[in-house]
Amino acid sequence: MANPMHLGLQDAMSPLMEELLYFHDHTLMIIFLISMFVLYTISVLLLTSLYHTNATDVQEMEMIWTILPALILITIALPSLRTLYLMDETTNPCLTIKVIGHQWYWTYEYTDFSQLEFDSYMLPTQDLPQGHFRLLEVDHRMIVPTSSSTRTLITAEDVLHSWAVPSLGIKMDAVPGRLNQTSLTSPNPGVFYGQCSEICGANHSFMPIVVEAVPMQHFQNWLKTNS
Ligand SMILES: *[C@@H]1O[C@H](CO)[C@@H](O)[C@H](O)[C@H]1NC(C)=O
Ligand SMILES: [Cu+2]
């Protein structure tokens with residue numbers, strides 16, 4: 001989750017989010033370099049009388065300002081496409097969980113090994129245990145195992161919602177009548193918070209998402225006792 005006064009992106013808790021953070025830093029550095037160069041050029045032109053020369057007519061200059069931006073765009077496009085295709089990949093997941101958005105709560109369905117289905121509502125502030133996060137904690141968390149990747153199928157029952165967990169690098173639209181697929185991997189145990197990210201009505205801000213990653217053995221015990 002984000003801490004108070006948090007600037008920038010959340011720490012990466014999945015390999016996918018690491019890739020996204022790397023791409024963000026890479027692109028930001030290029031933007032920074034271009035901005036510095038433009039700022040410097042403008043300053044020089046303003047402070048000196050360089051623009052009285054006819055330097056802009058030079059053929060070589062024409063070549064440079066065509067080829068250089070093309071090269072810069074390629075160094076952004078290639079890592080971007082790589083990450084884009086990585087996000088689409090679902091490599092042998094160990095289970096499938098169906099996530100259904102409702103006005104205004106989420107439903108999770110585990111149907112691989114047993115029939116388990118539950119609703120996940122936000123905990124109202126007056127019921128919040130000491131030390132838990134207001135407007136983020138839910139009554140039933142989505143539990144996943146740490147060892148393998150999980151396939152999540154995302155859809156909605158009524159209107160558009162969006163299932164988003166920033167630290168895992170996931171944001172997927174939940175569209176009524178359609179299924180979206182993404183893979184969720186958390187190598188470490190932990191609790192990850194997210195929120196509905198598509199305006200879906202009056203209680204849009206009160207349908208948070210909590211994903212809890214636990215070791216496989218714990219996950220199996222949890223599944224057994226709950227189904
Ligand atoms: C999910 O599905 C909808 C409609 O099928 C699509 O518009 C959307 O781009 C998909 N992907 C994500 C990442 O939300
Ligand atoms: Cu919603």
Side-chain angles (χ1 to χ4, degrees), residues 1-2 10-21 86-102 104-124 127-157 161-175 178-197 206-227:
M1 60 171 288
Q10 293 182 25
D11 288 346
M13 292 309 292
S14 75
L16 198 66
M17 190 56 189
E18 255 161 48
E19 290 288 333
L20 291 171
L21 280 186
L86 274 177
M87 288 171 78
D88 256 349
E89 203 92 9
T90 321
T91 36
N92 42 45
C94 79
L95 83 152
T96 303
I97 304 174
K98 193 172 169 195
V99 180
I100 306 160
H102 301 267
W104 290 277
Y105 59 95
W106 295 97
T107 301
Y108 299 100
E109 282 180 16
Y110 296 66
T111 45
D112 281 352
F113 314 107
S114 53
Q115 208 68 32
L116 172 59
E117 183 185 335
F118 56 87
D119 296 339
S120 178
Y121 282 91
M122 186 191 76
L123 280 184
D127 299 348
L128 211 59
Q130 189 72 39
H132 282 235
F133 300 116
R134 193 177 72 92
L135 305 184
L136 276 183
E137 199 56 67
V138 295
D139 54 356
H140 298 290
R141 293 170 168 180
M142 171 178 162
I143 313 284
V144 295
T146 49
S147 43
S148 173
S149 78
T150 304
R151 176 199 287 134
T152 30
L153 299 174
I154 295 158
T155 185
E157 190 82 40
H161 297 271
S162 184
W163 199 78
V165 185
S167 55
L168 297 176
I170 297 177
K171 178 181 279 173
M172 188 61 88
D173 289 354
V175 184
R178 292 189 184 215
L179 269 187
N180 259 346
Q181 170 180 296
T182 183
S183 91
L184 185 159
T185 317
S186 169
N188 303 306
V191 183
F192 313 109
Y193 293 89
Q195 286 168 307
C196 179
S197 299
F206 307 116
M207 49 181 295
I209 297 149
V210 185
V211 178
E212 184 174 346
V214 297
M216 187 52 112
Q217 196 58 53
H218 291 231
F219 174 76
Q220 281 167 345
N221 291 340
W222 172 81
L223 210 58
K224 228 172 275 163
T225 53
N226 282 281
S227 49

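What you see is a predicted model; the values in this text were computed from it and never measured.
Interatomic distance, OG1 of Thr185 versus CD of Glu89, reported as 11.0 Å (0.5 Å rounding). Separation of atoms OG (Ser167) and CG (Leu16) is listed at 11.5 Å; rounding is to 0.5 Å. Atom CE of residue Met1 and atom CD of residue Gln10 lie 8.0 Å apart, to the nearest 0.5 angstrom. Summarising the geometry, atom CG belonging to Leu86 is positioned 5.5 Å from atom CD belonging to Glu19; distances are rounded to the nearest 0.5 Å. One finds the OH atom of Tyr108 at 10.0 Å from the OG1 atom of Thr152 (value rounded to the nearest 0.5 Å). Expressed to the nearest 0.5 Å, how far CZ of Phe192 lies from CE of Met17 amounts to 12.0 Å.
In this structure, His102 places its NE2 atom where more than 12 heavy-atom neighbours from other residues, nucleotides or ligands lie under 6.0 Å away.
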Between side-chain atoms of residues 127-145 and protein atoms elsewhere (two or more places apart, or another chain), which donor-acceptor pairs fall under 3.5 Å?
unit_1 : atom_1 : unit_2 : atom_2 : d
His132 : ND1    : Glu137 : OE1    : 3.3
Glu137 : OE1    : Arg141 : NH2    : 3.3
Glu137 : OE1    : Tyr193 : OH     : 2.9
Glu137 : OE2    : Arg141 : NE     : 3.0
Glu137 : OE2    : Arg141 : NH2    : 3.1
Asp139 : OD1    : Tyr121 : N      : 2.7
Arg141 : NH1    : Glu212 : OE1    : 2.9

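Legend: residues meeting side-chain contact (heavy atoms from CB on, under 4.5 Å) with Ser114, ordered by chain and number and at least two apart, are Leu223, Ser227. Every side-chain contact (heavy atoms from CB on, under 4.5 Å) that Thr90 has, sequence neighbours left out, goes to Pro93, Arg151, Gln181, Ser183. For Trp106, the side-chain hydrogen bond (donor to acceptor under 3.5 Å, both in side chains) criterion is met by no residue, not counting sequence neighbours. For Lys98, the side-chain contact (heavy atoms from CB on, under 4.5 Å) criterion is met by Ile100, Glu109, Leu153, Thr155, Leu179, not counting sequence neighbours. Here Gln217 pairs with Gln220, Asn221 under the side-chain contact (heavy atoms from CB on, under 4.5 Å) rule; sequence neighbours left out. Partners of Tyr110 according to the side-chain hydrogen bond (donor to acceptor under 3.5 Å, both in side chains) rule, which considers only residues two or more places apart in sequence or in another chain, do not exist here.
Contact detail for Pro187 and Ser14: the closest heavy-atom pair is CD-CA, 4.2 Å. The heavy-atom pair separating Tyr105 from Ser120 by the smallest distance is CB-O, 3.6 Å. Residues Ile154 and Ala174 approach most closely at CG2-CB, 3.7 Å, considering heavy atoms.
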side-chain contact (heavy atoms from CB on, under 4.5 Å) between Thr150 and Ile97, intermediate numbers included: CA-CA 7 Å; Thr150 304; Ile97 304 174; 3.7 Å; yes

Full working for side-chain contact (heavy atoms from CB on, under 4.5 Å) between Phe118 and Asn226: CA-CA 10 Å; Phe118 56 87; Asn226 282 281; over 6 Å; no

Trace of the side-chain contact (heavy atoms from CB on, under 4.5 Å) decision for Val210 with Val191: CA-CA 7 Å; Val210 185; Val191 183; 3.5 Å; yes

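Under a 3.5 Å cut-off, the side chain of Ser197 and the backbone N or O of Gln195 do form a donor-acceptor pair.
Contact of the Ser162 side chain with the Lys171 side chain is registered, since non-hydrogen atoms from C-beta on lie closer than 4.5 Å. By the 4.5 Å heavy-atom criterion applied to side chains, Trp163 and Val211 are counted as neighbours. At a threshold of 4.5 Å between non-hydrogen side-chain atoms, the residues Met87 and Leu20 count as touching. Looking at heavy atoms from C-beta onward, His218 lies out of side-chain contact with Pro189 at the 4.5 angstrom threshold.
Contacts classified as salt bridge (Lys or Arg N to Asp or Glu O under 4.0 Å) and involving residues 112-122 (residues at least two apart or in different chains) are not found.
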